[in-house]
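Side chains are part of it too, since the values below use all heavy atoms of this structure and drop only hydrogens, waters and symmetry mates. A note on names: the letters A, B, ... follow the listed sequences, proteins ahead of strands, and every chain is numbered from 1.
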Amino acid sequence: MPNLPKVPNPLGQDPYGAFVRSGPGALLAARAGLPRPPRLRRFEPGQELLTGPALVVELAGATRSAQVAGWLREAGARVLDDLAAAGEDRLGAVVVEATGVRRVAELAALREQLAPAFARTAPSGRVVLLTGLPQEFPDPEARAVQRGLEGFARSLGKEARGGTTVNLLRVATGAGTALRSALEFLCSARSAFVDGQPLVVGPGVPVPARERRVAVVTGAAQGIGAACAEVLARSGHHVVCVDVAAAGERLAAVANRVHGSTLHLDVTADDAPARLADHLAVRFDGADVVVHNAGVTRDRSFVKLDAAAWDAVLGVNLLAPLRLTAGLLERTGALAPGARLVCLSSINGVAGAKGQTNYATSKAGLVGMVEALAAPLAERGMAVNAVAPGFVETPMTAAMPPVPREVGRRASSLLQGGLPVDVAEAVAWLAQPDAAGIDGQVLRVCGQSVLGA
Amino acid sequence: MTRRAAIVAGNRTPFVRAGRRYAQVSAQDLLVAALDGLVARCGLAGERLGEVVAGAVLKHSRDLNLTREAVLSTALDAATPAYDVQQACATGLETAVLLANKIALGQVESGIAGGADSASDAPIALDDRLRRVLLDLSRARTPAARLAALSRLRPGQLRPVPPRNAEPRTGLSMGEHAARTAAAWEVSRQAQDELALASHRNLAAAYERGFLDDLLTPYLGVRRDDLLRPDTSLEKLAALPPVFGRDLEQPATMTAGNSTPLTDGAAVVLLASDEWAAQHRLPVLAHLVDAETAAVDHVHGEGLLTAPVWAVPRLLQRNGLTLDDLDVVEVHEAFASTVLATLAAWEDEEFCRDRLGLEKPLGSVDRARLNPVGSSLATGHPFAATGARILATTAKLLAERGGGRALISICAAGGQGIAALVEA
C-alpha cells in the first residue's frame, strides 16, 4: 500500500489523558491531585439520546416544562416526574425551565431543586437551562435575574465532573423549531465538547429539506474540514469537498469515503468565487450548506511578522470567506433556498493569542462577518453562524510546542482537547433545517475553555 | 447518426521519471490512484459504472486482471466490471475508443478508460534455460531423473532477465528506430530542441493558470510531473549529447532532452452517454467522434513510429475533413523527431501522392494549434497512460475554447498507431 498519511489517533495524541484514564494512571492521578480528564460520550449510530433518565426542573413562571418533557420523551428519553422517581439511576439530563423567573427570591428554588439533581448526574450528563432573552426585559430585577443565570450556568459548568456539560439557551419571544433542535443537540452526545455556552434561540421557519441536500466544505482534506464532511454526509448531505489542488490526494480519500465529490480550488484565487458558484449551480442546483473552514496559521510575534505571513492568514481565513460568500449570494442558483452558512472562527479570535495577531484578527473578523450578514441573509430565508473551536486535536495543534500544547489541553472544564468531530457535530447541527432561528451567533466548542470566557 | 460518447472528465497522477518517487508502487497502485481521483472529482463513490477498461504495457503475469483488481481497490461499486487491453503506447486511447463504441451502440451508458505503467515495477523474468530445468524437475518421477534435471543447473541461469526495450523483430530500440526515421526525413537537431522547449514552456504555463487543477490529483506527495523543466532553454537542450542514432552516417540529433524517458504514472478518462452525464449533472467536455488505427511494416523498412502518418489521412477523409478544419492537434511526443517527421510526411507532395495515395499533400499543422499545453516531452510518457492523458487534455482544451474540433495522433511499438477525432 502507498504510504498515505495516517489519520491521527486521538488517544495517541493525548498520552497524558490516555494514561490517567487507565487503572494505575487513574490511581496515581487521584493520589497526586492531578487533573483527570473524563472520557467523553460521543455520537454513535443507533445510540440513545441520554445515558439515564431526564428531569425537568420547573422554576417560577415556567410555561414550557410540559412541552420540553414531551420533546425529550419523543426523542426516546425517560422523563421523571420528580427526582425521587430516579431510584438508583443517575440522571442523563436535567433541563431547568427558568424562562419565567423574574425575582431574585425565585432563584432560591434553583438551589433547592437543581442541586440534588446536579449531584446525581451520570457521566457525560447534561444540564440545560432555558432562560429568557435578557434584552427583552425592561424591568431591572427581571433582567438582572435572567442575566444572572448565565453566570450561574458558567460556574456550574466549572463544577461539573465526569464529562457533564452545562449550557444555557436564551429563548427569544417567538422562538420556533430551533428550541427543540437546540435542546436535543445539547442533551445528545453530539455536543460532547460544547460546555458553559449561552445560545440565543430566535424565531425562524425551516425550509423544507431537499431530497438530496448539498454541503460545501472548504479545507476538507484534513482535520476539522474532513470531520465536517463526515458528519454532514452522515446526516444525508452530498458533500462537495474543496481544497487546494496540492491537497488533492487526501481530499479524494475524504470525498470517496463520504460518497461526496472534490473540487480543487484555491479559495484565494481571483476566480474562486465565480468558479465555486458555477460549480454549485451547474452540478447541484445550489448548496444547502456552506462551511467556511479553510484556514492557515503563520504564527510570529507581531513585530517579527512579515507581510507574507500577514497576507496569507488574512487572505485565506478572512478575505476568502467574505469573497466566496459575496460570490455565492450574487450568483442565482449557487445557494439553495434556506441555505446555511457556517464560519470556523476560533477562541483565539475571541480571546486573543500570543504570536497570533494575524490569526486572531482573521478569526475575530469572521465573527463580524457573521453579525453583519445575519440580517440580510435572514431576509432571504438563510442563516449564518460561526463555530469557535477551542483546543482541538488536529494536525495544527499537533505541531505546537509540547508545553503550550499540554496547557491548552487541560485549560478547560473538560480537562482535554476536543476532537475534530466535536466541532463538526456543532457545524452539522447548525446546518440542520430545524435549527432555523439560530442566526448570527458564535457557538464555542471548547469544553468551556478558560480562554476568553 | 449513432450516439456519440461524451468525454466527461479526466484524471491522472503526476508523471514521474522511473525509479524515483513512485519506485515502490505498482502499476496497479497507480491505476487505483488515478481512478479514485476521478471518482472523487465526479462524485461516483459507490456507483456502478458500465465498465472500466485499462491496461499496462509493462505488465507482470500476476496482473492478468490488472484493471478488475484495481477497480476492487477503488471507491467504485465492486459490481463494476473491468477488462484489460494492451496495444503498446496506443493502449490508453484504444481503451477509450472501445468504450466509446460500446456507448455509441448503447451497450453501456458510462465507463472509465485509461492505463497505467510503471517502468519501476517492470517484470523481471527468469532465464528461459532455468525455466526448462525447473519444469523438467517438477515432471521428474525418479531420484535419478531429478538429479539429471538438477545437473543442468548453471549459475548463469540465475541471472534475472530485465524487460527488453527493443523491437523483437529488429533488435533495435525505439530510439534507434526513431533516429533512422529522423535521418530519413532530415529532421534537424534544432527543430527537435525547439519542439521540446515549446512542450516544457506550454506545460509550465498550463500548470500556472490552473489548467491541470481538474485533470490531475497529486500522488504520494508529488504535485507536478517531475520531468517538467519550466526553466529549460535552447542552450541547455543544445548542450546535451546525442543518445540515439550515433551509428548512422548523418549526425546524431536525438538527446535525452528531445526524447521521452521511462516514466511511471496512470491516467483515466470518464466517458458516458449524454443522457447519463445529464442525469449525473456532469458537464460534457467534448465527444469522441471517430478513430482509426494503422500499422506499418517496420520490419521491412517503414519507420517504426510512422503508422499515424497513414491513420490520420484515412480518418480525416472518412469524416470529410482537412488539417485546416482542426482547432487543436495533439501529436504524442514519443520523440520530438517523431512529431516532426510525421508533420514533414504530411507536407511532402511526393510522399503523400506515392505512399498515402493522396492527390495533394495532406497539409501543414499550424504550430499554434499543436500540443498547446505541452505533451509527452514535458509530462513524461508512462506508455499506457498517455492516451487517456491526451484525450482528457484535448477535451478540456475544446471545452475551454467553447467548442471546436481536435485530432489526436499516437504512435506505438510494433509499427502501430492510432488517431482520433474529438469535437465539442
Side-chain angles (χ1 to χ4, degrees), chain A residues 1-5 210-212 214-217 220-222 226 229-230 233 237-272 274-276 278-287 333 336, chain B residues 8-9 11-14 21-26 28-47 73-77 118 121 206-224 264 266 270 277-284 399:
Chain A
M1 271 303 287
N3 50 339
L4 282 174
R210 296 197 295 172
E211 194 182 325
R212 185 73 169 131
V214 175
V216 188
V217 180
Q222 61 177 353
E230 302 249 3
H237 294 83
H238 175 96
V239 185
V240 180
C241 303
V242 177
D243 216 312
V244 290
E249 187 176 2
R250 263 185 289 190
L251 189 69
V254 171
N256 285 339
R257 197 162 61 232
V258 306
H259 286 203
S261 56
T262 56
L263 176 65
H264 291 178
L265 185 76
D266 174 356
V267 291
T268 63
D270 287 340
D271 64 347
R275 275 188 59 203
L276 181 61
D278 269 350
H279 187 79
L280 295 175
V282 172
R283 292 279 308 274
F284 302 103
D285 277 336
Chain B
V8 180
N11 185 58
R12 67 179 178 94
T13 68
R21 301 283 290 277
Y22 299 164
Q24 301 306 318
V25 298
S26 65
Q28 187 179 317
D29 292 333
L30 289 163
L31 185 56
V32 169
L35 286 169
D36 263 344
L38 184 67
V39 167
R41 180 163 300 134
C42 301
L44 299 177
E47 189 100 14
S73 292
T74 67
L76 286 171
D77 185 342
S118 172
D121 182 34
Y207 269 109
E208 284 311 309
R209 70 183 173 93
F211 182 81
L212 283 100
D213 279 1
D214 57 0
L215 290 174
L216 180 142
T217 304
Y219 184 54
L220 301 186
V222 182
R223 297 170 183 180
R224 289 187 175 194
D264 300 342
L270 175 65
Q279 275 163 16
H280 287 73
R281 302 289 301 255
L282 289 162
V284 170

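- Looking at A:D285, the atoms closer than 4.5 Å to chain B (heavy atoms on both sides) sit in the backbone and in the side chain alike.
- In terms of heavy-atom pairs under 4.5 angstrom with chain B, the leader among A:G248, A:A252, A:A246 is A:A246.
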Would you list the atom pairs, donor with acceptor, under 3.5 Å between side chains in residues 210-217 of chain B and any protein atom, with sequence neighbours excluded?
from   : atom 1 : to     : atom 2 : distance (Å)
B:D214 : OD1    : B:K396 : NZ     : 2.7
B:T217 : OG1    : B:N11  : OD1    : 2.8
B:T217 : OG1    : B:R41  : NH2    : 3.3

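- Put simply, the side chain of A:V217 does not reach to within 4.5 Å of the side chain of A:C241, judged on heavy atoms.
- Here the side chains of B:Q28 and B:L31 are not in contact, with every heavy-atom distance at 4.5 Å or above.
- A:D271 meets the side chain to side chain contact (heavy atoms under 4.5 Å, CB included) test with A:A269, A:R275; sequence neighbours excluded.
- Most heavy-atom pairs under 4.5 Å with chain B: of the set A:H264, A:R283, A:H259, this distinction falls to A:R283.
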